[in-house]
Number of protein chains: 2
Amino acid sequence: MGDVFKALADPTRRTILDELTERDGQTLFEICVRLTSRHQLSLTRQAVSQHLAVLEEAGLITTRKQGRYKFHHLDTTPLAAIFERWPVTRKGQAP
Amino acid sequence: MGDVFKALADPTRRTILDELTERDGQTLFEICVRLTSRHQLSLTRQAVSQHLAVLEEAGLITTRKQGRYKFHHLDTTPLAAIFERWPVTRKGQAP
DNA sequence: AGGATAGGCAAGCCGTCACTTGCCTGTCAA
DNA sequence: TTGACAGGCAAGTGACGGCTTGCCTATCCT
């Protein structure tokens with residue numbers, strides 16, 4: 001479970017999750033392009049690749065290889081464990 | 001929002017949140033004792049104090065000072081922003 | 001077949017972070 | 001009032017993390 005938070009601790013990785021939320025199943029180069037063109041993040045391909053490896057190890061993304069392409073898919077199920085551990089109490093909720 | 005994930009990235013801080021979930025409004029020394037006695041974590045008082053500062057800056061705990069005691073209270077409302085950003089899709093949920 | 005494309009592996013650099021050590025401030029009780 | 005208790009403020013150290021550089025493998029297209 002610690003891997004999930006470690007993965008989410010980096011702002012670039014959170015931006016990657018945002019990009020996959022908007023358009024799922026992107027490849028490494030697509031993510032690189034969108035990070036530079038839409039978020040002004042000029043990162044090396046290897047840097048993004050390492051970020052994706054961290055996200056995959058945390059279980060937040062799954063990969064599907066097809067030919068020479070590797071597509072990345074978002075998986076938010078690990079986030080559900082957060083709420084089971086520390087229930088979120090909003091205003092007006094019963095104590 | 002990045003402060004929340006940075007705060008949750010450390011296992012000791014997550015354990016502190018667990019302790020405050022079980023018993024809210026603890027003081028610094030109480031947390032120290034419970035970390036050592038129940039979680040086998042032998043940390044200095046200052047180390048725990050720094051962890052609490054990080055958690056407070058992230059908005060995950062609030063402090064209430066009374067005399068020479070300072071009580072720490074859990075606040076899980078920042079966690080709600082996680083689900084608003086990346087909706088958790090459980091199995092059997094409508095696409 | 002051969003070049004171009006998509007991606008992987010490994011070492012190195014630099015900043016941040018967790019933790020300690022040392023000392024100082026404020027509050028309560030005897 | 002003086003010590004004991006609860007907490008705070010730094011500065012220093014060692015390790016981990018993010019990023020780059022350089023090179024290598026695999027797949028597709030002409």
Side-chain angles (χ1 to χ4, degrees), chain A residues 1-20 23-37 39-73, chain B residues 1-20 23-37 39-73:
Chain A
M1 177 167 188
D3 295 333
V4 178
F5 294 109
K6 263 179 39 181
L8 291 171
D10 188 82
T12 304
R13 285 195 284 267
R14 293 196 296 271
T15 307
I16 290 176
L17 293 186
D18 290 337
E19 276 304 319
L20 288 179
R23 188 172 189 275
D24 197 44
Q26 291 190 62
T27 178
L28 172 58
F29 272 81
E30 290 180 275
I31 296 173
C32 284
V33 169
R34 289 171 80 102
L35 284 180
T36 61
S37 63
H39 299 275
Q40 288 78 34
L41 292 174
S42 59
L43 292 170
T44 321
R45 174 183 57 85
Q46 284 81 351
V48 180
S49 177
Q50 289 169 7
H51 281 306
L52 291 172
V54 173
L55 288 170
E56 184 173 11
E57 196 171 6
L60 287 167
I61 64 174
T62 60
T63 58
R64 168 177 56 97
K65 198 161 186 180
Q66 183 175 340
R68 60 174 164 177
Y69 298 103
K70 187 176 178 183
F71 303 100
H72 301 80
H73 297 269
Chain B
M1 179 166 187
D3 295 333
V4 178
F5 294 109
K6 264 180 37 181
L8 290 171
D10 186 83
T12 303
R13 285 195 282 268
R14 292 196 296 271
T15 308
I16 291 175
L17 292 187
D18 290 336
E19 277 303 319
L20 289 179
R23 187 172 189 276
D24 197 45
Q26 290 191 61
T27 178
L28 172 58
F29 273 81
E30 289 180 275
I31 296 173
C32 284
V33 169
R34 289 170 81 104
L35 284 180
T36 62
S37 63
H39 298 276
Q40 288 78 31
L41 292 174
S42 58
L43 292 171
T44 322
R45 173 182 58 85
Q46 284 83 350
V48 180
S49 177
Q50 288 169 8
H51 281 306
L52 290 172
V54 173
L55 288 170
E56 185 174 9
E57 197 171 4
L60 288 167
I61 64 175
T62 59
T63 57
R64 167 177 56 95
K65 197 160 187 180
Q66 182 175 342
R68 59 174 164 177
Y69 297 103
K70 187 178 179 184
F71 302 101
H72 301 79
H73 296 268

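What you are looking at is a predicted structure, and each value in this text was computed from that prediction instead of being measured. Sequence lines set the chain letters: A, B, ... in the order given, protein chains first and strands last, and positions in each chain run from 1.
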- Message: How long is the straight-line distance from NE2 of A/H39 back to OG1 of A/T15, given to the nearest 0.5 Å?
- Response: 6.0 Å

- From D/dG18, C/dG7, D/dG8, nucleotide with atom closest to A/F29 side chain: C/dG7

- Interatomic spacing from OG in B/S49 to CD1 in B/I31 - rounded to 0.5 Å: 9.5 Å

- Task: To the nearest Å, give me how far apart CD (A/Q26) and P (C/dA6) are.
- Result: 14 Å

- Between CD1 on residue B/I61 and CD1 on residue B/I16, distance to nearest 0.5 Å: 7.5 Å

- Message: In this structure, how many angstroms lie between the C1' atom of D/dC28 and the CD atom of A/Q66, rounded?
- Response: 13 Å

- Query: What is the distance from atom CG of B/L60 to atom NE2 of B/H72, rounded to the nearest 0.5 Å?
  - Reply: 13.0 Å

- Query: Toward the 5' end of DNA chain D, which comes first, A/R13 or B/L28, by nearest nucleotide?
  - Reply: B/L28

- Message: Can you give me the closest heavy-atom contact between B/R13 and B/A7, atom names plus distance?
- Response: NE-O, 2.7 Å

- Item | Stepwise side chain to side chain contact (heavy atoms under 4.5 Å, CB included) check, A/R45 with A/L28 | CA-CA 8 Å; A/R45 174 183 57 85; A/L28 172 58; 3.7 Å; yes

- Item | Per B/K6 side chain, nearest of listed nucleotides D/dC28, C/dT27, C/dC17 | C/dC17

- In whole angstrom, give the distance that lies between atom CD of A/E30 and atom C1' of C/dT5. 14 Å

- Query: Rounding to a whole Å, what distance do you find between A/K65:NZ and D/dA26:P?
  - Reply: 9 Å

- Whole angstrom value for the distance that separates P of D/dG17 from CG of B/D10: 11 Å

- Message: Quick check against the 3.5 Å criterion: does B/R14 have a side-chain atom that pairs as donor or acceptor with the backbone of B/L8?
- Response: yes

- Item | Nucleotide D/dG8, atom P - distance to CD1 of B/I31 in whole Å | 11 Å

- Item | Distance, rounded to the nearest Å, where A/R14 contributes CZ and D/dG17 contributes P | 16 Å

- Mapping A/K70 and B/R68 to their closest nucleotides on DNA chain C, which lands nearer the 5' end? A/K70

- Among residues 41-57 of chain B, which contact DNA chain C at a heavy-atom distance under 4.0 Å? B/S42, B/L43, B/T44, B/Q46, B/A47, B/Q50, B/H51

- Item | Euclidean distance, atom CG of residue B/L35 to atom P of C/dA18 [Å, nearest integer] | 15 Å

